[in-house]
Protein chains: 2
Amino acid sequence: MAYHDLDELDGKILKLIVNNARIPFLEVARECGVSGAAIHQRVQKLVNLGVIKGSEFILDAEKIGYETCAYVGLFLVSPSSFDSVVKELEKIPEVVECYYTTGQYDLLIKVFAKNNKDLLRIIHSQLQPLGLARTETLMCFKDAFRKKLPIDFS
Amino acid sequence: MAYHDLDELDGKILKLIVNNARIPFLEVARECGVSGAAIHQRVQKLVNLGVIKGSEFILDAEKIGYETCAYVGLFLVSPSSFDSVVKELEKIPEVVECYYTTGQYDLLIKVFAKNNKDLLRIIHSQLQPLGLARTETLMCFKDAFRKKLPIDFS
DNA sequence: GTTGAAAAGGGTCCCGT
DNA sequence: ACGGGACCCTTTTCAAC
């Protein structure tokens, strides 16, 4: 169930497919020196184990109309409201990630907005009413980089 | 070049493929009531426009050996060192995201580590030597949710 | 756990509209 | 920009090792 059960072939496959979800498995097979059926089964196994949680296309947020991105640290009024706040946050389309964190904030969320004014609207009209004592906004004005974790089961 | 050039069919296609990069385009075609060739051309157009930046498989970080996740806010000693620090950060395998932010931190990074001890090692041995005045660690002890931005060009 | 082969289906390209 | 069709490659399954 854990990564201890994964061998080098699994690692090689994951490395080849993780940044290109539409790579033909036969191409992976050729790279790995095994049959296409083997890759098919291995990938199926990785899905069944939950190692592979799914696949997605990566879209450019700006090009679909979201020019502003921010992390917002949330301070809850009452700690007992954690779960209900999270539930409400999940309903807000612009809130794309949410973490329970240690440190100064109770929750940390990632928010996209059409522009700065739209972000302000989201914070004031959507977030504040959920029962927050305070919020702290970290605007991301540049995505310096983004990459994948290393994969190595050797 | 922007989302203003995208129509409802583009939106429908993106909605169908964004959470499943391996969906057959012919299935998308049937859902949209157009030919496979049309989907093929549209997707190609979206890639050329940069709306689609790529595709990926989503892996479970825990299941490939990374049990700890944290955001770390960085305070630089000197503002002039931004770019060189970012360059060095990018070389650290465990640092998967990096943002220039407004607010209290100069930079905000997302870090995965094998465990808490490993995270401490990364912060002390890898991050601190880069010329940081201070760091502030927000451990993520639960990933409450993670979803996609809404797509709507109607 | 892996293989090769067969059947079914999808991806890609070209031409016509 | 889209549709139809042809061709080739890929996916998926299964018996056999």
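Here is how names work: the chains are called A, B, and so on, in the same order as the sequence lines, proteins then strands, and each is numbered from 1.
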### Task
Would you indicate what Leu9(B) reaches in the nucleic acid, counting non-hydrogen atoms under 4.0 angstrom: base, sugar-phosphate, or nothing?
sugar-phosphate
### Query
When we call it a touch if two heavy atoms are under 4.0 Å apart, what does Lys45(B) touch: a base, just sugar-phosphate, or nothing?
sugar-phosphate
### Message
Holding to salt bridge (charged side-chain N to carboxylate O under 4.0 Å, His left out), I want the full list of residues that pass it with Lys148(A), two or more places apart in sequence or in another chain.
### Response
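Only Glu56(B) meet the salt bridge (charged side-chain N to carboxylate O under 4.0 Å, His left out) criterion with Lys148(A).
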### Query
Got a sec, which residues hit salt bridge (charged side-chain N to carboxylate O under 4.0 Å, His left out) with Glu67(A), two or more places apart in sequence or on another chain?
none
### Message
I'd like to know whether the aromatic ring centres of Tyr99(B) and Tyr71(A) sit less than 6.0 Å apart in this structure.
### Response
yes
So, for [X] and [Y], which heavy atoms are closest and what is the spacing to 0.1 Å?
X: Phe153(A); Y: Leu14(A); value: CE1-CD1, 3.8 Å
X: Val77(A); Y: Ala133(A); value: CG2-N, 3.6 Å
X: His124(A); Y: Pro129(A); value: O-CD, 3.4 Å
X: Thr137(A); Y: Ile123(A); value: OG1-CD1, 3.4 Å
X: Leu138(A); Y: Gly103(B); value: CD2-CA, 4.3 Å

### Message
Distance under 4.0 Å to a non-hydrogen atom of chain A counts as contact; along DNA chain D, which nucleotides mark the start and end?
### Response
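The contact span of chain A on DNA chain D goes from dT10(D) to dT13(D).
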N/O donor to acceptor pairs below 3.5 angstrom from side-chain atoms of residues 32-41 of chain A, sequence neighbours left out:
from     : atom 1 : to       : atom 2 : distance (Å)
Ser35(A) : OG     : Ala38(A) : N      : 3.2

### Task
Indicate for each nucleotide in nucleotides 8-15 of chain C, in 5' to 3' sequence, whether protein heavy atoms under 4.0 Å reach the base (B), only the sugar-phosphate (S), or nothing (-).
--BSSB--
### Message
Are Val18(A) and Leu59(B) packed together at the side-chain level, in the sense that at least one heavy-atom pair is separated by less than 4.5 angstrom?
### Response
yes
### Query
How bent is the helix from dG1(C)-dC17(D) to dT17(C)-dA1(D), comparing axes over its five end pairs at each side, to the nearest 10°?
30°
### Query
Whole-Å distance between dG1(C) P and Leu46(A) CG?
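In whole Å, dG1(C) P and Leu46(A) CG are 12 Å from each other.
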